[in-house]
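Here is the structure we will look at.
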Amino acid sequence: MKIAIMGAMVEEIEPLLENFKDYEEIVYGKNRYYKVLYKNSELYIAYSKIGKVNATLTASTLIQHFGCEKLLFSGVAGAIDSSLKIGDLIYASSLAQHDLDITIFGHPHGYVPEGGVFTNSSKELNNIAKEVAIDLKITIKEGIVATGDQFIASNEKKEWIAKTFNASAIEMEGAAVGVVCDALNTPFFILRAISDAADMDASFSFDEFLKSSAKVSAGFVISMVNKVAK
Ligand code: ADE
């Protein structure tokens, strides 16, 4: 089986490459993809660079060019749900684009004609995540994740996203990956470890905790790959 493991920033995939050690680097579409032979599977690891456009390109390349059949995303997010603390893990049950706005035509925020507001992730992969959390004796939360091309560092904006999408966490790639995977019939899983609270201190918190939270997320995904790879 070919499995994609994707992050947005180099810090989000570095712990994966350090773990798997032996990889081949392939350059395609101005990006680097790292191929790892694992059990009877091939893993394709890449970071997209920040934002929905880059995430769309990388997810699409992983599936359409490299032939990946499942996609696992690992990275960090800002917490909207106040019970989520730095380093806590949350996977997306569904995702929405909070910055997509055609409300002037009477549609809800995040709505795309012929699409919808939310994209659901794979129940099968989410169940594997729950099993892994039990095995590792750690807590993982499930919730709606809101995605947009903005780093959110304001209580007002955060509250608006919470109210409008009932979201638990905020980041900048997940919903784009979801749209690609849904269109291409590829089961996907979006995992995030909290790096900040999307408030006025968010940029400082992000800088401080990006690496440690990215490592928590990557560690969990490594345990999942062990169960997913055939
Ligand atoms: N990723 C991590 N923290 C974030 C935030 N506050 N806003 C958007 N994306 C993020």
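Just follow the structure's listing: the first ligand is 1, and inside any ligand the first atom is 1. Only a predicted model underlies this, so the values are computations on that prediction, with no experimental measurement involved.
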Look at the side-chain heavy atoms of Ile, Leu, Val, Met, Phe, Trp and Tyr, link any pair under 4.5 Å apart, and say whether I5 and Y34 land in one connected group.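 Yes; Y34 is reachable from I5 via cluster members.
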Please report which non-hydrogen protein atom sits nearest to atom 4 (C) of ligand 1, along with the residue it belongs to and the distance in Å to one decimal place.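 Here the nearest protein heavy atom works out to F151 CE1, 3.4 Å.
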Heavy-atom nearest neighbour in the protein, as seen from atom 10 (C) of ligand 1, with distance rounded to 0.1 Å: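 Heavy-atom neighbour on the protein nearest atom 10 (C) of ligand 1: I170 O, 3.7 Å.
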Tell me the nearest of R192, Q150, K158 to atom 8 (C) of ligand 1, using heavy-atom distances.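 Answer by nearest heavy atom: Q150.
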Could you check whether any heavy atom of S195 sits closer than 4.0 Å to an atom of ligand 1, since that is the contact criterion I want to use?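 Judged by the 4.0 Å heavy-atom criterion, S195 does count as contacting ligand 1.
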Is there side-chain contact between M224 and F189, with at least one heavy-atom pair below 4.5 Å?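 Yes; the side chains approach each other to less than 4.5 Å.
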Parallel, tilted or perpendicular: ring planes of Y28 versus Y33, cut at 30 and 60 degrees: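 Correct class here is perpendicular.
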Qualifying residues under side-chain contact (heavy atoms from CB on, under 4.5 Å), relative to N226, sequence neighbours excluded: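 Once residues adjacent in sequence are excluded, the partners of N226 under the side-chain contact (heavy atoms from CB on, under 4.5 Å) criterion are Y38, K39.
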Distance, nearest 0.5 Å, that separates OG of S93 from NZ of K123: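 Reported to 0.5 Å precision, the distance equals 9.0 Å.
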Is the closest basic N to carboxylate O distance between K70 and E124 below 4.0 Å?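 Judged by the 4.0 Å cut-off on N to carboxylate O distance, K70 and E124 do form a salt bridge.
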In plain terms, say whether R192 and E173 are close enough for a salt bridge, that is, a side-chain N and a carboxylate O under 4.0 Å apart.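 Yes, charged N to carboxylate O under 4.0 Å.
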Can you name the atoms of ligand 1, numbered from 1 with element, that are less than 4.0 Å from a heavy atom of [X]?
X    : result
D196 : 2 (C), 3 (N), 4 (C), 5 (C), 6 (N)
A198 : 6 (N)
A77  : 1 (N), 2 (C), 3 (N)

Ligand 1 N/O within reach of G78 N/O, cut-off under 3.5 Å: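 Yes - when backbone and side-chain N and O of G78 are compared with those of ligand 1, one distance drops under 3.5 Å.
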Counting both backbone and side chain atoms, is some N or O of I152 under 3.5 Å from an N or O of ligand 1?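 Such a contact does occur with ligand 1.
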